Amino acid sequence: VQLQASGGGLVQAGGSLRLSCAASGRTFSSLATGWFRQAPGKERELVAVISSNSGNTYYATSVKGRFTISKDNAKNTVYLQMNSLKPEDTAVYYCAAEDRVSLLAREYKYWGQGTLVTVSS
């Protein structure tokens, strides 16, 4: 499975971005998918997770109510809609996939290359 993340960029605080994660090799309908982020000098942290059938989602407390994870099986793409962005959201964002839902980065087998999100104040 290969994952390709895109959509990062520079945005002002309060703005929005939508990240995309496209998969090849397997369909997202059979994979749980997570978005993680890593800021400079910090550990990688979970942002959001969506189950294979899209029936279950999980959000980190810091993004709940602002970010939305979704899946388009027809396009084999998972999205992370990020609204009301804050400077502390600045990080490299990674998508990851695994056969079952997990909140732990170490349990994800497949990773995208990361896309940088920079939020200016």
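All residue numbers in this chain count up from 1 along the given sequence. All of these numbers come straight from a predicted model, not from anything done at the bench.
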Are [Y] and [X] connected in a single hydrophobic cluster, I mean Ile/Leu/Val/Met/Phe/Trp/Tyr linked by side-chain heavy atoms less than 4.5 Å apart?
| X | Y | answer |
| --- | --- | --- |
| Val11 | Phe67 | yes |
| Tyr79 | Val49 | no |
| Tyr94 | Ile50 | no |

[X]: which residues meet the side-chain hydrogen bond (donor to acceptor under 3.5 Å, both in side chains) condition with it, sequence neighbours left out?
| X | answer |
| --- | --- |
| Gln113 | none |
| Ser120 | none |
| Ser29 | Thr27 |

| Glu107: partners by side chain to side chain contact (heavy atoms under 4.5 Å, CB included), with sequence neighbours left out |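 Listed in chain order: Ser102, Leu104.
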| request: Apply side chain to side chain contact (heavy atoms under 4.5 Å, CB included) to Asp99 and list each qualifying residue two or more places apart in sequence or on a separate chain. | output: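 Once residues adjacent in sequence are excluded, the partners of Asp99 under the side chain to side chain contact (heavy atoms under 4.5 Å, CB included) criterion are Arg26, Leu31, Lys109.
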Strictly by disulfide (SG to SG under 2.5 Å), give each pair with a member in [range] just once, sequence neighbours left out.
| range | answer |
| --- | --- |
| residues 23-73 | none |
| residues 23-75 | none |
| residues 10-121 | Cys21-Cys95 |

| task | List for me each residue that meets ring-ring contact (aromatic ring centres under 6.0 Å, His included) alongside Phe36, sequence neighbours excluded, and say none if there are none. | result |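 Counting only residues at least two positions away or on another chain, Phe36 forms a ring-ring contact (aromatic ring centres under 6.0 Å, His included) with Tyr108, Trp111.
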| Partner set under ring-ring contact (aromatic ring centres under 6.0 Å, His included) for Tyr59, not counting sequence neighbours |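 Tyr59 satisfies ring-ring contact (aromatic ring centres under 6.0 Å, His included) with no other residue.
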| Heavy atoms from other residues, nucleotides or ligands near CD of Glu45 exceed 12 (cutoff 6.0 Å) |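 Yes.
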| task | Spell out, as yes or no, whether a donor-acceptor pair under 3.5 Å connects the side chain of Thr33 to the backbone of Ala97. | result |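 Flag not set: sc Thr33 to bb Ala97 has no pair under 3.5 Å.
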| said: Taking side chain to side chain donor-acceptor pair (under 3.5 Å) as the cut-off, I'd like each qualifying pair that reaches into residues 3-18, sequence neighbours left out, listed once. | reply: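 For residues 3-18: Ser16-Asn83.
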| Does any pair with a residue in residues 66-78 pass side chain to side chain donor-acceptor pair (under 3.5 Å), and if so which ones, sequence neighbours excluded? |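 Of all non-adjacent pairs touching residues 66-78, those that pass side chain to side chain donor-acceptor pair (under 3.5 Å) are Arg66-Asp89.
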| Minimum side-chain heavy-atom gap Trp35-Val78 below 4.5 Å |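 Yes; the side chains approach each other to less than 4.5 Å.
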| task | Determine whether Leu80 and Arg37 make a side-chain contact, defined as any pair of heavy atoms from C-beta on separated by less than 4.5 Å. | result |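 No, every pair of side-chain atoms sits at 4.5 Å or beyond.
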| message | Once rounded to the nearest 0.5 Å, what's the spacing between atom CG of Leu85 and atom OG1 of Thr90? | response |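 Here the rounded value is 8.5 Å.
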| query | About how many Å separate OG of Ser62 and CG of Leu46, when rounded to the nearest 0.5 Å? | reply |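 One gets 9.0 Å once the value is rounded to the nearest 0.5 Å.
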| message | Going by side-chain contact (heavy atoms from CB on, under 4.5 Å), Val117 matches just one of Leu19, Val92, Leu10. Which one? | response |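 Exactly one candidate clears the test, Leu19.
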| task | Measure across Pro87 and Ala13 and return the closest heavy-atom pair with its distance rounded to 0.1 Å. | result |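 Residues Pro87 and Ala13, closest heavy atoms: CD-CB, 4.1 Å.
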| query | Would Val1 and Phe28 satisfy side chain to side chain contact (heavy atoms under 4.5 Å, CB included), going step by step from the backbone distance to the final call? | reply | CA-CA 10 Å; Val1 178; Phe28 275 130; over 6 Å; no
